[in-house]
Q: 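Below you will find the structure I want to go over with you.
Atoms within a ligand are numbered from 1 in the order they appear, just like the ligands themselves.
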Amino acid sequence: MKLAILSRNSRLYSTRRLIEAGRLRGHAVRVLDPLRCYVRIAPGGLAIHYKGRPLKDFDAVIPRIGTHSAFYGTAVLRQFEMMGTYVPNPSDAVLRARDKLRSLQLLATAGLDMPVTVFGDNPDDTDDLITMLGEPPHVIKLNEGSQGTGVVLAEKRSASRSVIEAFRGLYANFLVQEYVAEAQGADLRCFVVGGRVVAAMRREAAAGEFRANLHRGGTASPVVLSEAEETTAVRAASVLGLNVAGVDLLRSARGPLVLEVNASPGLEGIEAATGQDVAALIIAYIEGQIATG
Ligand code: ADP
């Protein structure tokens, strides 16, 4: 196969591993910086150029689109789709996953459980908004944050109100959630490929921290998921339309809660924690999809 990875940086661990796994399995693999792809749109005249040359004949394009280039990156990805290239995660699904509010609305409609979440715009409504959520502690998070930045724990109602006001003052989009204390500062990262969980790890927050992100000093270990956790992870990816996804769950008294679904989940933490060759599993999945047309 002729594969392309849409990634801003070919030296990133995940990008390098996908290149390596693709080549080991006998494919031609090329990394394309989405911001260097430029496109032509016309009926019957779609094209993508890269550094002065047309891009064509790729069998599959694997998006690894970061938060900063999401709008442009997904437009390029969509162009590949319109030109008939197979993509494991379509542009619409990547955009859906990037927006936490939209994802949670879709997941809730599909009946998947999550920490109760509220959002609101007008300062006059803050008190009732907090009442709709329930008793503190609360977690206030930026809608488009990642790696735990912009995720704040407020122990008291007055603290929630202050953080909400501060975020509003910065014109940031945010959501407010019930704090799931039973999770005890740990979450589960379930790596879903093609409708099954191929690797899972439990991340535990560093002492004095409630966010389990590895970038925040959390530690990871392999974990065996319950049947309910596995089903929840697979359904969450499927509801958003992602074939490759990192689904984060919290263990709670009422069962697994979906925290978020990541469309470009990192490979480093999960491969190190579980010893699984997740990159090869992604490439193998794409091979299967292309073979069956
Ligand atoms: P990001 O996308 O920035 O990683 P998350 O929503 O995943 O943001 O939150 C980061 C971490 O904070 C999670 O991995 C989890 O450990 C913790 N966390 C987030 N929301 C809650 C919550 N409602 N209750 C308990 N812990 C939470």
Q: Quick test: of every protein heavy atom, which one is nearest to atom 11 (C) of ligand 1, and how far off is it to 0.1 Å?
A: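 Of the protein heavy atoms, Asn213 OD1, 3.3 Å lies nearest.
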Q: State whether the number of non-hydrogen atoms from other residues, nucleotides or ligands found under 6.0 Å of His49 atom NE2 is greater than 12.
A: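 Count over threshold, so yes.
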Q: Suppose we measure from atom 14 (O) of ligand 1 to each protein heavy atom; which comes out shortest, and what is that distance?
A: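 Here the nearest protein heavy atom works out to Asp187 OD2, 2.6 Å.
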Q: Less than 3.5 Å apart, any donor N or O on the side chain of Thr126 or Arg168 sitting next to an acceptor on the other?
A: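 A donor-acceptor contact under 3.5 Å links the two side chains.
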Q: Residues two or more places apart in sequence or in another chain: which of them pass side-chain contact (heavy atoms from CB on, under 4.5 Å) with Asp121?
A: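 Per chain and number, Asp121 pairs via side-chain contact (heavy atoms from CB on, under 4.5 Å) with no residue.
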Q: Among all the protein's non-hydrogen atoms, which is closest to atom 3 (O) of ligand 1, and how far away is it?
A: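 Of every protein heavy atom, Gly148 N, 2.6 Å lies nearest to atom 3 (O) of ligand 1.
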Q: Does a donor on one side chain sit under 3.5 Å from an acceptor on the other, for Thr117 and Gln177?
A: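 Note: Thr117 and Gln177 side chains meet the donor-acceptor criterion.
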Q: Residues two or more places apart in sequence or in another chain: which of them pass side-chain contact (heavy atoms from CB on, under 4.5 Å) with Glu268?
A: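 For Glu268 the side-chain contact (heavy atoms from CB on, under 4.5 Å) partners, ignoring immediate neighbours, are Tyr13.
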Q: I need the nearest protein heavy-atom contact for atom 2 (O) of ligand 1: residue, atom name and distance, please.
A: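 Atom 2 (O) of ligand 1 sits closest to the protein heavy atom Glu260 OE2, 2.5 Å.
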Q: Mind checking whether Lys100 contacts ligand 1 via backbone (N, CA, C, O), side chain (CB onward), both or neither, at a 4.0 Å heavy-atom cut-off?
A: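 It is the side chain that touches ligand 1; the backbone stays farther off.
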Q: Please state which protein non-hydrogen atom is closest to atom 17 (C) of ligand 1 and give its distance, to 0.1 Å?
A: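 Result for atom 17 (C) of ligand 1: Phe210 O, 3.7 Å.
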Q: What protein heavy atom sits nearest atom 6 (O) of ligand 1, and how far off is it?
A: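 Sorting protein heavy atoms by distance from atom 6 (O) of ligand 1 puts Lys141 NZ, 2.6 Å first.
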Q: If you count the atoms of ligand 1 from 1 in the order shown, which ones are under 4.0 Å from a heavy atom of Tyr179?
A: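 The atoms of ligand 1 under 4.0 Å from a heavy atom of Tyr179 are 24 (N), 25 (C).
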Q: What protein heavy atom is closest to atom 13 (C) of ligand 1, reported as residue, atom name and distance in Å?
A: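 Protein heavy atom with the smallest distance to atom 13 (C) of ligand 1: Leu259 CD2, 3.5 Å.
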Q: Which of the atoms of ligand 1 are close to Gln177, meaning less than 4.0 Å from one of its heavy atoms?
A: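 Once the distances to Gln177 are compared, the set is 20 (N), 23 (N).
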Q: Which protein non-hydrogen atom lies closest to atom 16 (O) of ligand 1, naming both residue and atom, and how far is it?
A: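 Answer for atom 16 (O) of ligand 1: Ala212 N, 3.0 Å.
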